[in-house]
Participant: 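Handing you this structure, nothing more for now.
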Number of protein chains: 2
Amino acid sequence: MRHRLKDVAERAGVSVKTVSNVVNGYVHVRPDTRARVEEAIAELNYRPNLSARHLRKGRTGVIALAVPELDIPYFAELARYVVTAAADFGWTVLIDQTGGGREQERVVASGITDHLIDGLIFSPLALTAEDLAGLDGTPMVLLGERVDHGPADRVVIDNVGAAREITAHLVGLGRRRIAAIGSQRTDEGASARLRLAGYADALRAAGLDYDEALVAPAPAWHRADGAAAMRGLLTSGVRPDAVFCFNDTLALGALRALHEAGLRVPEDVAVVGFDDIEDGRFSIPTLSTVAPDKAQIARLAVELLANRLDGDRTAPARELSAPYRLELRESTQTP
Amino acid sequence: MRHRLKDVAERAGVSVKTVSNVVNGYVHVRPDTRARVEEAIAELNYRPNLSARHLRKGRTGVIALAVPELDIPYFAELARYVVTAAADFGWTVLIDQTGGGREQERVVASGITDHLIDGLIFSPLALTAEDLAGLDGTPMVLLGERVDHGPADRVVIDNVGAAREITAHLVGLGRRRIAAIGSQRTDEGASARLRLAGYADALRAAGLDYDEALVAPAPAWHRADGAAAMRGLLTSGVRPDAVFCFNDTLALGALRALHEAGLRVPEDVAVVGFDDIEDGRFSIPTLSTVAPDKAQIARLAVELLANRLDGDRTAPARELSAPYRLELRESTQTP
DNA sequence: AACGTTGCCTACAACGTTGTAGAAACGAGG
DNA sequence: CCTCGTTTCTACAACGTTGTAGGCAACGTT
């Protein structure tokens, strides 16, 4: 049996509103009254109805995190940090898996926000600025760079700079035929475009040619895609001596394909990824990668959302940047 | 600006209830009226307030999935299947990360259910039967075996049988000193206890001794714990020729430790895991494992919940079993 | 013509909560 | 004893939705 304020009120011999005041910590309640009410609450195991509270107050205390796929470890790890950061604000995090398609993402962006949550942290893959334009109401914070100059707050990392640095690291190892895995059609992945730009930058700075044949596309960024792309590079005869994979799961797939081809990492081919997922610290060999500060990304996103909720909802959108660093491991270093 | 039924009603020139009827697909609405209402809905981009609907109907259309840690790939993969299965019932899935502690799990079990969701699918690690006893109200389906003879519906797999089979596979390879990684204190992990029992069964059936020194505990089931446990086994001098890790992340950590020790897998030591996470299909070597039918687990859990929601809430708890199979890969087979 | 049936629609109340307004009790100061 | 301000509490309305009950036409049947 579920109890309501009314039940508690009757048991404690006070009005419904007095119980509400006790529950909400209102100060002007006599100590003995408060004690009686609290006793009744405990006896009945009363818990407020969040829907009713939301209906009255317009706040649920729940925010959502929408990510393309939970079984991409980067998003799972990010989710953990967001849950932690949100707890500091007393928020519960509803995690929603969009699947990454544009239509699904639009449904989530416009649908899930329907009065059920206070705000949304959204990591879109395919959503465009137009899709977001029609959304009014629920405050939103975007992660990543897909939606250019969108109307919403955003947390980014310097994808171009990070890609440039990690590629430069490969150059520094003396590698000259550096492949890239993970390019996508421009309208699909902004991250792919930016990381590719950083890669090209670094090659240019080192006086190396940008060779189309060394750039392998990947429809998604799963292990299987990385393995397939690597196999493609190997059979095409371009003979890379290093590979920059646009995320770690691609890199793990590439490691697998290199292993199957009998090539040694890093002696024959050096491999780097992007994201610093836990797998890369235990793979064979361990994986050099760009490590975005996920805790910071999560914290900034939650804080932006908090500001938006408490402050001016019409203030101009803000963009914050989170730091990253290189994690150099076995896949680019001889033991 | 958010619009309400009232706004739509005024625009369409009908009553609020008629709009509600259109939204809910009530049949007795004249086609032209329906068209007018739908036009108004589209123009105003009306979306129902779920909290209000819940308050009135007692249903939110949202269920929760509570798991210990999202960055354990098994749970992330399971989450994806649950989201998919729930979609068939028109449910949105709120994913909640408990952290695995008993207190946190109790908070989730009693707290998150507070009128916000219709039902809960719960994969507990530490929760006890008493903790659940006090819960009345929100229907719940448990995954796994932690809470013995609890009062709730449950989906399980035959942990003992699966562990027995995979251990027998190692025996069949001619291995005689088979270690186990992942045992836990009885009050912590029921899965650990059952998998250990299956392991012991298989040894006994093969006429092998159960050797305490070959059983390594693991406080949690992460890669780092598997690596640490494996290093412990190697330095203790027990010289295993095979290892059964109680989940895949432990096994991946063990692979890493074996690699660092210069031992070959499977030639020197064969390794098997449990869960069939995606990593194991790309690790070096690929990982032999028990593959529970996650899609089936998710589907059964969602169906149990649906039955409980629509049917008799006082009916006795049901327990359903999901199938599994062995996935034999490189870590137990020479190429 | 009177009647019942059906289709379509509306008014009202209720879900459980909290904000507002104000009443009742009390103490302090004149 | 009266007045005033403060503390403590209550009654009422409202948040947006849907179930219930019922009204009004239009229709077919007697």
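Quantities reported herein were computed from a predicted structural model and do not represent experimental measurements.
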Participant: Please state whether the phosphate of C:dC9, meaning OP1 or OP2, lies under 4.0 angstrom from any side-chain nitrogen or oxygen of B:T33.
Facilitator: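 Result: yes.
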
Participant: What's the NE2-P distance between A:H54 and D:dC15, to the nearest Å?
Facilitator: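 In whole Å, D:dC15 P and A:H54 NE2 are 14 Å from each other.
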
Participant: Between C1' on C:dT17 and OH on A:Y46, what's the gap in Å once rounded to a whole number?
Facilitator: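 From A:Y46 OH to C:dT17 C1': 7 Å.
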
Participant: Look at B:N24 and D:dT18 and indicate whether a side-chain polar atom (N or O) is within less than 4.0 Å of OP1 or OP2.
Facilitator: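 So the side-chain polar atoms of B:N24 do come within 4.0 Å of the phosphate oxygens OP1 or OP2 of D:dT18, strictly under.
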
Participant: Expressed in angstrom and rounded to an integer, what is the separation of B:H3 atom NE2 from D:dC15 atom P?
Facilitator: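 For the pair B:H3 NE2 and D:dC15 P, the rounded distance is 16 Å.
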
Participant: Is there a side-chain contact between A:Y26 and the phosphate of D:dT10, meaning an N or O under 4.0 Å from OP1 or OP2?
Facilitator: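 So the side-chain polar atoms of A:Y26 never come under 4.0 Å of the phosphate oxygens OP1 or OP2 of D:dT10.
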
Participant: Check whether any side-chain heavy atom of A:W221 lies under 4.5 Å from a side-chain heavy atom of A:Q184, and answer yes or no.
Facilitator: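 Yes, close enough: below the 4.5 Å cut-off.
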
Participant: State whether B:R30 places a side-chain N or O below 4.0 Å from either non-bridging phosphate oxygen (OP1 or OP2) of C:dG7.
Facilitator: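 Negative; the distance criterion is not met.
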
Participant: Is any side-chain heavy atom of A:Q296 closer than 4.5 Å to one of A:P323?
Facilitator: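 In contact.
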
Participant: B:K57 NZ to C:dC15 P: how many Å, rounded?
Facilitator: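 One finds 17 Å between P of C:dC15 and NZ of B:K57, rounded.
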
Participant: Who does D:dT17 pair with, Watson-Crick or G-U, both distances under 3.5 Å?
Facilitator: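 Check on D:dT17: paired to C:dA14, both distances under 3.5 Å.
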
Participant: Can you check the B:H28 NE2 to C:dG7 P distance for me, whole Å?
Facilitator: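 Computing the B:H28:NE2 to C:dG7:P distance gives 5 Å.
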
Participant: Given C:dC15, is OP1 or OP2 found less than 4.0 Å from the side-chain N or O atoms of A:S51?
Facilitator: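 No, because none of the side-chain N or O atoms of A:S51 sits under 4.0 Å from OP1 or OP2 of C:dC15.
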
Participant: Mapping B:V14 and B:L55 onto DNA chain C by nearest heavy atom, which one lands closer to the 5' end?
Facilitator: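 Of the two residues, B:V14 wins.
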
Participant: Return the value, rounded to whole Å, for the distance between atom CZ of A:R34 and atom P of D:dT7.
Facilitator: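 Rounding to the nearest Å, CZ of A:R34 and P of D:dT7 are 14 Å apart.
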
Participant: Can you tell me if the side-chain N/O atoms of A:T18 get under 4.0 Å from OP1 or OP2 in D:dT10?
Facilitator: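 Result: yes.
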
Participant: So, is B:S20 close to the D:dT18 phosphate, meaning a side-chain N or O under 4.0 Å from OP1 or OP2?
Facilitator: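 For B:S20, the contact criterion (side-chain N or O under 4.0 Å from OP1 or OP2 of D:dT18) is met.
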
Participant: For B:D7 and D:dG16, what is the distance between atoms CG and P respectively, to the nearest whole Å?
Facilitator: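 Result: 9 Å.
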
Participant: Anything under 30° is parallel, anything over 60° is perpendicular, the rest tilted; go ahead and classify A:W91 against A:F89.
Facilitator: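 Taking A:F89 first and then A:W91, their aromatic rings lie parallel (interplane angle under 30°).
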
Participant: Return the value, rounded to whole Å, for the distance between atom NZ of B:K17 and atom P of D:dA21.
Facilitator: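 After rounding, the reported distance stands at 12 Å.
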
Participant: Examine distances only and state if a side-chain atom of A:D71 and a backbone atom of B:A76 form a donor-acceptor pair shorter than 3.5 Å.
Facilitator: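 Absent.
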
Participant: Verify the contact: side-chain N or O of B:R56 to OP1 or OP2 of C:dA14, cut-off strictly under 4.0 Å; return yes or no.
Facilitator: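 No, no such contact exists.
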
Participant: Here's a test of your reading of the structure: between B:G13 and A:N21, which maps to the more 5' nucleotide of DNA chain C?
Facilitator: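 Mapping each residue to its closest nucleotide by heavy atoms, the 5'-most match is B:G13.
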
Participant: Donor-acceptor pair, B:D118 side chain versus B:G61 backbone, under 3.5 Å?
Facilitator: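 Checked: pair present.
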
